[in-house]
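Presented below is the structure to which this report refers.
Numbers here are sequence positions counted from 1.
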Amino acid sequence: EMTSVTGVQTCALPICAAKGFTRVIIEKPFGRDSRSFAELNATTSGIFREDQIFRIDHYLAKENVLNLLVARFANQIYEPLFNRQNVAQVEIIWKENIGTEGRGGYFDEFGIIRDMMQNHLLQVFQWLAMEPPERLDAEHIAKEKSQLLRAVRTLGLGDCFLGQYGAGERMDGNGDMHAEPGYLEDSTVPTGSRCPTFAALALTVENERWRGVPFLMRAGKGLNERLTEVVITFKRRDYNSLLPSEPNQLIFRIQPDEGIFFKCINKRPGWKQTNTAPVQMDMSYDRAFPGSYNAGAYERMILNASVGDQSLFVGSEELVEAWRIFTPLLDEIDARQPQPVCYPFGVRAPDGLAQFARARGIICDEAYEYYYLPKFIRGIPVLVWEGKDTWRADNTKLGSHNGGLCFRKSTDMADKAQEDFLLMYGTTTKGIDVGNGWVRVSYQTPTAPANVFGSLRVDTHLPRSLSGGWRPDKPEAKVVTPK
């Protein structure tokens, strides 16, 4: 017997069905903090046994979250690398390109941390970072998840970056921009609310596998795209200085365009041994399994509950630890009401995120507002402005970057090839369209600031296309002609 209930009362349901079985499915939120969860848990456990309670977190039934376990434990290459000897940092990212859509009153009661991070993203973290269980059943999975959470340091405001979206713009599927209101302009949101719509949290894990590896969990509404993914960045080695290179990254894309991507460095065809470029090896679900039926998350969860399989559900022990990690932070936010950073609707990340992440040992690529293209290499003009948004690139003057154009994530334009990121001709990346002999930039400043003399500053707050590449906005929309 399966029964749906919206509230729990101590005399509402029999502990056992006359025939078959009794199971109760509980949807999040599982309380607001440790105190309310303890009250809820006391009520439910007073009626049902733990093996009758199925607490749904639908992220555990998403295809590429399930694939985290398969990638780790069905292969030989991944699991030996998932440790502090090899991993430099881990990012767990959730982004939405919509706001509260008139549901601000509901959202304001919870905020982004309670809505997304203490539950959905924490489950992704657990499946990624837990130790291999003895068996893939509910008992042994719950044991390893709880053990991992016990090793996570309790969060406070010093571990947290908060933001709230203001008015801005949103790009539709045709590339057209539309005005979007800010969070406080939603009539259902209380006047002057400081509820965060964006948060970044630095998690510290004190165990043998992960000690010293920073985990950055971030989630936000009103950003430039819809995206959920895990980005694992590996440590550089001394021998990497022999050739121009970037750190390897392994990316688990949860949505959209589910897949696994591995970024590595390859030699570009040509005479020079040092002519390298980043390439991406990828496994796309759509390409690898065309026509396959992809069950909805709730469809899978209800089926598992029907057969009594609790392996994809949340246990009470891990919820005690999850709330132990988050409750002090949430209490501080509720009591002190810190002012969140206001960010325009449609940006890639709020101002200040890069500095917050770097102070905690994390290089957050997406937090950079601008990239810098060199106008000169060794004093020789490389980019010559031809009007509007087009710059001519002299192919013969690109030196060690023959076949492409280098760019930086900082204002230091020293000619060090190993610190460059190469844009190959015929590619579009983060607002920069590179052709054979020209460069088209979607967003640019009239003149470079004094500290970036000799470089062209490019705004990178642009959305990703569904294919995973980058597409510039309409050039005529926001170009400011350089003087």
**OP:** May I ask you to check whether F345 and Y165 place their ring centers less than 6.0 Å from one another?
**Re:**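 That pair passes the under 6.0 Å test.
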
Original post:
Are F215 and W210 close enough that their ring centers fall under 6.0 Å?
Top reply: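 Ring centroids of F215 and W210 are less than 6.0 Å from each other.
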
Subject >> R253 with E258: basic N within carboxylate O range, under 4.0 Å >> reply: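 Not counted as a salt bridge, because no side-chain N and carboxylate O are separated by less than 4.0 Å.
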
Original post:
Between K28 and D115, does at least one N-O distance fall below 4.0 Å, as a salt bridge requires?
Top reply: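 Result for this pair is yes, salt bridge flagged.
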
Indicate the atoms forming the closest heavy-atom contact of [X] with [Y], along with that distance.
| X | Y | value |
| --- | --- | --- |
| A357 | L216 | CB-CD2, 4.2 Å |
| A88 | P214 | O-CD, 3.2 Å |
| I260 | L250 | CG2-CD1, 3.8 Å |
| A61 | L66 | O-CD1, 3.9 Å |
| Q89 | G361 | OE1-O, 4.0 Å |
| I113 | A199 | CG1-CB, 3.8 Å |

**OP:** Could you label the plane-to-plane angle of the F198 and F161 rings as parallel, tilted or perpendicular, counting under 30° as parallel and over 60° as perpendicular?
**Re:**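 Rings of F198 and F161: perpendicular, over 60°.
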
**OP:** Taking salt bridge (charged side-chain N to carboxylate O under 4.0 Å, His left out) as the test, write out the residues that go with R32, two or more places apart.
**Re:**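 Partners of R32 by the salt bridge (charged side-chain N to carboxylate O under 4.0 Å, His left out) criterion come out as none, since no residue qualifies.
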
Original post:
Residues two or more places apart in sequence or in another chain: which of them pass salt bridge (charged side-chain N to carboxylate O under 4.0 Å, His left out) with E317?
Top reply: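 Partners of E317 under the salt bridge (charged side-chain N to carboxylate O under 4.0 Å, His left out) test: R150.
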
Check whether any side-chain N or O of [X] sits under 3.5 Å from a backbone N or O of [Y] as a donor-acceptor pair, and report yes or no.
| X | Y | value |
| --- | --- | --- |
| T188 | G105 | yes |
| S146 | K143 | no |
| R23 | A305 | yes |
| R194 | Q337 | yes |
| T327 | R324 | no |
| T228 | I254 | no |
| S311 | D137 | no |
| E206 | R153 | no |
| E318 | G315 | yes |
| Q123 | H120 | no |

In residues 124-132, what donor-acceptor pairs under 3.5 Å come from side-chain atoms, sequence neighbours left out?
| unit_1 | atom_1 | unit_2 | atom_2 | d |
| --- | --- | --- | --- | --- |
| Q126 | NE2 | L122 | O | 3.3 |
| E131 | OE1 | R209 | NH2 | 3.1 |
| E131 | OE2 | R209 | NE | 2.7 |

Original post:
Applying the side chain to side chain donor-acceptor pair (under 3.5 Å) test to R55, which of N41, T44, N119 qualifies?
Top reply: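 Exactly one option meets the side chain to side chain donor-acceptor pair (under 3.5 Å) with R55, and it is N41.
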
Subject >> Stepwise salt bridge (charged side-chain N to carboxylate O under 4.0 Å, His left out) check, R35 with D331 >> reply: CA-CA 11 Å; R35 300 172 294 275; D331 284 348; 3.0 Å; yes

Subject >> Residue pairs involving residues 96-112 (criterion salt bridge (charged side-chain N to carboxylate O under 4.0 Å, His left out); sequence neighbours excluded) >> reply: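 Matches after skipping sequence neighbours: E96-K221.
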
**OP:** Verify the distance criterion only: is there a donor paired with an acceptor across the side chains of N224 and K95 at less than 3.5 Å?
**Re:**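 Yes, side-chain donor-acceptor contact under 3.5 Å.
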
Original post:
Side chains of R84 and N207: donor-acceptor distance under 3.5 Å anywhere?
Top reply: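 Per modelled atom types, R84 and N207 side chains form no pair under 3.5 Å.
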
Original post:
Would you say K263 and T233 make side-chain contact, with heavy atoms under 4.5 Å?
Top reply: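 Not in contact.
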
**OP:** Taking ring-ring contact (aromatic ring centres under 6.0 Å, His included) as the test, write out the residues that go with Y106, two or more places apart.
**Re:**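 Counting only residues at least two positions away or on another chain, Y106 forms a ring-ring contact (aromatic ring centres under 6.0 Å, His included) with F110.
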
Original post:
Are N86 and R237 close enough, and set up right, to give a side chain to side chain donor-acceptor pair (under 3.5 Å), and what steps lead you there?
Top reply: CA-CA 9 Å; N86 296 290; R237 302 300 183 186; 3.1 Å; yes

Original post:
Take atom CZ in F289; do more than 12 heavy atoms of anything else shown fall under 6.0 Å from it?
Top reply: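 For F289, atom CZ is not crowded (no more than 12 foreign heavy atoms under 6.0 Å).
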
Original post:
Just wondering, more than 12 heavy atoms not from E79 lying within 6.0 Å of its CD?
Top reply: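 Result for CD/E79: enclosed.
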
**OP:** Apply side-chain hydrogen bond (donor to acceptor under 3.5 Å, both in side chains) to E332 and list each qualifying residue two or more places apart in sequence or on a separate chain.
**Re:**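 Counting only residues at least two positions away or on another chain, E332 forms a side-chain hydrogen bond (donor to acceptor under 3.5 Å, both in side chains) with R336.
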
